[in-house]
**Q** 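Have a look at the structure that comes next, please.
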Amino acid sequence: MGHPDEVRHDPADADEQSSGAVVHDRRWPGELRGSLRCSAALLVLLLLVDLVAGDFTLWRGALWLGLSLLLLVVLYPPRVRAGVGWLSSRGPLRGHRVRTDLLVCVRCADGLGRRLVLRDTFGDRVEIDPRVLLDNPALWHRLDTDLHTSVSRGLLTYGAPALHRVTRRIDRETALTVFRISGLK
């Protein structure tokens, strides 16, 4: 046990602060608000139905609250951040972090939702939605710079085709956005 005034610092936080500018997913706050609104709307709707039907009890209210909290956990968007040499993705229950300058594997996991899976030399792994990179050019630039570092070090041994697909898609989407903004499309 430490002194009551002692403050414990997470080493990851120290790395983030010392590594310069941290780039965040700029759409995350809006997505979080949307998740909160959906779960709150479900709670209000269920409580109103119970009140109108005359079936409301504290136990049912607690059940509806638990159900709306479960919906919030399911809809909670991961918070993606990156700095020089690292990328993290934090969900409602836990987070993951990789050293992007020490990546050994990049692959696209297809399934219910497309995911970009990054694995570093320490075995740490992060899965992110490629849409986050499309929507945040600064985040993509930070990751792309570190990917080139991994390639130049000879570490990135798996995933060049997946990486090229993601790069082409992001470049295409960025060009279309520039054309749309400039009125050329």
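Reckoned from all heavy atoms, side chains included, excluding hydrogens, waters and symmetry mates.
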**Q** Which heavy atom of Ala82 sits nearest a heavy atom of Arg142, and at what distance?
**A** CB-CG, 3.8 Å

**Q** Mark yes or no: Arg79 above the aromatic ring of Trp28, with NZ or CZ under 6.0 Å from the six-membered ring centre and no more than 45 degrees from the axis.
**A** yes

**Q** Identify whether Leu63 and Leu51 are in the same connected component of the hydrophobic contact network (ILVMFWY, side-chain heavy atoms under 4.5 Å).
**A** yes

**Q** Is the number of heavy atoms from other residues, nucleotides or ligands within 6.0 Å of NE2 (His141) greater than 12?
**A** no

**Q** Out of the candidates Thr121, Asp120, Leu87, only one should pair with Leu103 under the side chain to side chain contact (heavy atoms under 4.5 Å, CB included) rule; please name it.
**A** Asp120

**Q** For a side chain to side chain contact (heavy atoms under 4.5 Å, CB included) check, start with the C-alpha distance between Val132 and Trp140, then their side-chain angles and the critical distance, and finish with the verdict.
**A** CA-CA 8 Å; Val132 171; Trp140 167 246; over 6 Å; no

**Q** Compare all side-chain heavy atoms of Leu47 with those of Phe56 and state whether any distance is below 4.5 angstrom.
**A** yes

**Q** Can you tell me if Arg153 has over 12 outside heavy atoms packed within less than 6.0 Å of its CZ?
**A** yes

**Q** How many angstroms lie between atom OG of Ser39 and atom CG of Leu65, to the nearest 0.5 angstrom?
**A** 9.5 Å

**Q** State whether the side chain of Ser68 and the backbone N or O of Ala40 hold a donor-acceptor pair below 3.5 Å, judged by distance alone.
**A** no

**Q** Ignoring hydrogens and geometry beyond distance, is a side-chain donor-acceptor pair present between Asp146 and Thr100 at under 3.5 Å?
**A** yes

**Q** If you compare all heavy atoms of Leu116 against all heavy atoms of Pro130, which two are closest, and at what distance to 0.1 Å?
**A** N-CD, 4.1 Å

**Q** Locate the shortest heavy-atom distance separating Gly91 from Tyr76; write the atom from each residue and the value.
**A** C-CE2, 3.8 Å

**Q** Output the distance between atom OG1 (Thr149) and atom CG (Leu156), rounded to the nearest 0.5 Å.
**A** 11.0 Å

**Q** How close do Pro77 and Leu32 get, counting heavy atoms only, and between which atoms?
**A** CG-N, 3.7 Å

**Q** Check whether Leu134 and Val80 end up in the same hydrophobic cluster, where Ile, Leu, Val, Met, Phe, Trp and Tyr are linked by side-chain heavy atoms less than 4.5 Å apart.
**A** yes

**Q** Shortest non-hydrogen contact from Val126 to Ser89?
**A** CG1-CB, 3.8 Å

**Q** State whether Asp129 and Arg131 are salt-bridged, where the test is any N-O pair (Lys NZ or Arg NE/NH1/NH2 against Asp/Glu carboxylate O) under 4.0 Å.
**A** no

**Q** Where do Trp86 and Arg97 come nearest, in terms of heavy atoms and distance?
**A** CG-NH2, 3.4 Å

**Q** Answer yes or no: is there a donor N or O on one side and an acceptor on the other, between the side chain of Arg99 and the main chain of Gly85, under 3.5 Å?
**A** yes

**Q** Would you say the side-chain atoms of Asn136 pair up with the backbone N or O of Arg26, donor to acceptor, closer than 3.5 Å?
**A** yes

